[in-house]
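First the structure, in the form of C-alpha cells, and then the observations on it.
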Amino acid sequence: MKSKCHFKGAFFELRKCLYFPFFVLSVAGLNILFFMSEGAKGADGKGYSVWRVMTLSSHLSLTERIDYGWLHMWEAGLGPWTLLAAPVIAAAGYIYTNSEEKRNRAEVFIKMRRNRISFTVSKVVSGMLSSAITLTAAYLLFGGILFFFFPKPSDYGESFAEVIKLMYGDDTVVYVLKKTAGVFLMGVGMAIVPIVLCAFIDDRYLLVSLPLLAAYLYERIMQRLYYTTVGMEHPETVEALNIEKLPYLFLRQQKWLSLILLAGSVLICFISYHLIRFRRKDEVL
C-alpha cells in the first residue's frame, strides 16, 4: 500500500511538472539549442550550426560527406553549449512548480497529506522523470525534423558502407533506440542538481542561474580530468563520470560503471532532498 501511495504521489507531481504550456516551451527551447549547435565544418574550417547546414542542404552534395548525414546531425545537437543550458530548460516545469508551491505555502498542505518518505519520493521521482521525458521528447522531435532534410545511412554508396557500419552498426533502428535510452538517462542525471537546489532555495531566479553555474564548473572539471594524469591512467573512470557520454551508454561495451555512478548519484539526491526539506527551521512542517 505504501509503494502504491508513493507511485500516486509521484504521478500527481509529474503531471504538474509536465503542465502542457511549460512542456511545449521547454521542448521548443531545447530544440533551439539543438539547432544552434555546430553541425559541420566548412572547407574554410569554420563551424556551421545544424540550422545553417539544414537551410543550405538543397545546395550541398550531402551524400559526399558522412558528417552531413542525418544521424551525425542528430548527434551534433548535443553540443557543449546545449549541455550547459539543457538542465535548466528540461527541468523548467519542476523548478517553477516547486518554487510557486513554496512561495504560496501550498507545499505545507501537501506535506500534511503525505508522510515524509512519500513526499520525498514523489518530489524527486517527478523531477527526474519530467526532466528526462522533456529532454527525450525534444531530442526525438529534433531528430524527426532532421530526418526529412539529411541523407539516411542507406542513401550513401558502397564506398561509405564500412564506415557507416562501424559508426552506427547493422541496424539503424536499434542504434536510435539505444541512443534515445541514453538521452533519457542523461535527462535523469541532469535533474539531480536542480532537484537538490529546489530543496533549499525558493528564489526561482537563483534556481535558474545556479544550475547553469554548476554545469559550467562541472564541464571545466571534466576537461581538466581528461588532460591530467588521472584521465590518462583511468580513462574509463573519467568517461563514466562524464554525463555527456550517457547518450552513448548502451552503445559502449563497458557500461556498468556509468550505471552504478548514476544510481549512486540518484540515491544521494534522494537522501539530500529528504534531509534538507525536513530540517529547515523556517517551515511549519
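Both backbone and side-chain heavy atoms feed into the values below; hydrogens, waters and symmetry mates do not.
Taking each heavy atom of Leu185 and Leu246 in turn, the nearest pair found is O-CD1, 3.9 Å. Between Phe23 and Ala137, the closest heavy-atom pair is CZ-CB, 3.8 Å. Minimum heavy-atom separation, Ala85 to Leu33: CB-CD1, 3.8 Å. Heavy-atom minimum distance, Met54 versus Phe150: CA-CZ, 3.6 Å. Of all non-hydrogen atoms in Val53 and Met73, the two that sit nearest each other are CG1-CE, 3.5 Å. In terms of heavy-atom proximity, Val266 sits nearest to Met128 at CG1-CE, 3.6 Å.
Under the rule for a salt bridge (Lys or Arg N to Asp or Glu O under 4.0 Å), the partners of Lys179 that lie at least two apart in sequence or sit in another chain are Glu75. Partners of Glu38 by side-chain hydrogen bond (donor to acceptor under 3.5 Å, both in side chains), not counting sequence neighbours, listed by chain and number: Lys41. Remark: Tyr216 pairs with no residue by the ring-ring contact (aromatic ring centres under 6.0 Å, His included) rule, at least two apart or across chains. Taking Ser209 as the reference, Leu206 meet the side chain to side chain contact (heavy atoms under 4.5 Å, CB included) condition, with sequence neighbours excluded. Applying the side-chain hydrogen bond (donor to acceptor under 3.5 Å, both in side chains) test to Thr136 and every residue at least two apart in sequence or in another chain returns nothing. Listed by chain and number, the residues in a side-chain hydrogen bond (donor to acceptor under 3.5 Å, both in side chains) with Thr82 are Ser37 (sequence neighbours excluded). With sequence neighbours excluded, the residues satisfying side chain to side chain contact (heavy atoms under 4.5 Å, CB included) with Ser130 are Leu14, Cys17, Leu18, Tyr94. For Ser258, the side-chain hydrogen bond (donor to acceptor under 3.5 Å, both in side chains) partners at least two apart in sequence or on another chain are Arg252.
Hydrophobic clustering (side-chain heavy atoms under 4.5 Å, transitive across Ile, Leu, Val, Met, Phe, Trp, Tyr) keeps Tyr19 apart from Ile95. In the hydrophobic clustering of this structure, Leu78 groups with Phe35; members are Ile, Leu, Val, Met, Phe, Trp, Tyr whose side-chain heavy atoms approach within less than 4.5 Å, directly or through other members. Following chains of ILVMFWY side-chain contacts shorter than 4.5 Å, one cannot reach Tyr205 starting from Leu212, and the two form parts of different hydrophobic clusters. Hydrophobic clustering, with ILVMFWY side chains joined whenever heavy atoms are under 4.5 angstrom apart, keeps Leu141 apart from Leu25.
Trp51 places no side-chain N or O within donor-acceptor distance of the main-chain N or O of Ile32, the cut-off being under 3.5 Å. Here the side chain of Ser131 pairs a donor or acceptor atom with the backbone of Gly187 at under 3.5 angstrom.
Lys178 has its side chain within reach of Val174: a pair of non-hydrogen atoms, C-beta onward, lies under 4.5 Å apart. The shortest side-chain heavy-atom distance between Leu83 and Met186 falls under the 4.5 Å cut-off. Using a 4.5 Å heavy-atom cutoff, the side chains of Tyr96 and Leu207 are not in contact. In this structure, the side chains of Leu275 and Phe200 stay at 4.5 Å or more apart for every pair of heavy atoms. Considering only heavy atoms from C-beta on, Leu146 stays 4.5 Å or farther from Phe34 through its side chain.
Rounding to the nearest 0.5 angstrom, the gap separating the CD atom in Glu219 from the CD1 atom in Ile221 is 10.5 Å. Once rounded to the nearest 0.5 Å, the distance linking CG of Leu257 with CG of Leu262 reads 11.5 Å. Lys123 contributes atom NZ, which lies 5.5 Å from atom OH of Tyr273 (distance to the nearest 0.5 angstrom). Summarising the geometry, atom CG belonging to Leu140 is positioned 4.5 Å from atom OG1 belonging to Thr180; distances are rounded to the nearest 0.5 Å. Distance check: Leu261 CG to Ile243 CD1 gives 11.5 Å after rounding to the nearest 0.5 Å. Here OH of Tyr218 is found 15.0 Å from CG of Leu213. Values are rounded to the nearest 0.5 Å.
When ring centroids are compared, Trp74 and Tyr139 come within the 6.0 Å threshold.
Residue Val173 belongs to a hydrophobic cluster whose other members are Leu177, with links defined by side-chain heavy atoms closer than 4.5 Å. Cluster note: Ile268 groups with no other residue, as no ILVMFWY side-chain heavy atom lies under 4.5 Å from it. Other residues sharing a hydrophobic cluster with Ile260 under the 4.5 Å side-chain heavy-atom criterion for ILVMFWY residues do not exist; the residue is a singleton.
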Between side-chain atoms of residues 190-199 and protein atoms elsewhere (two or more places apart, or another chain), which donor-acceptor pairs fall under 3.5 Å?
none

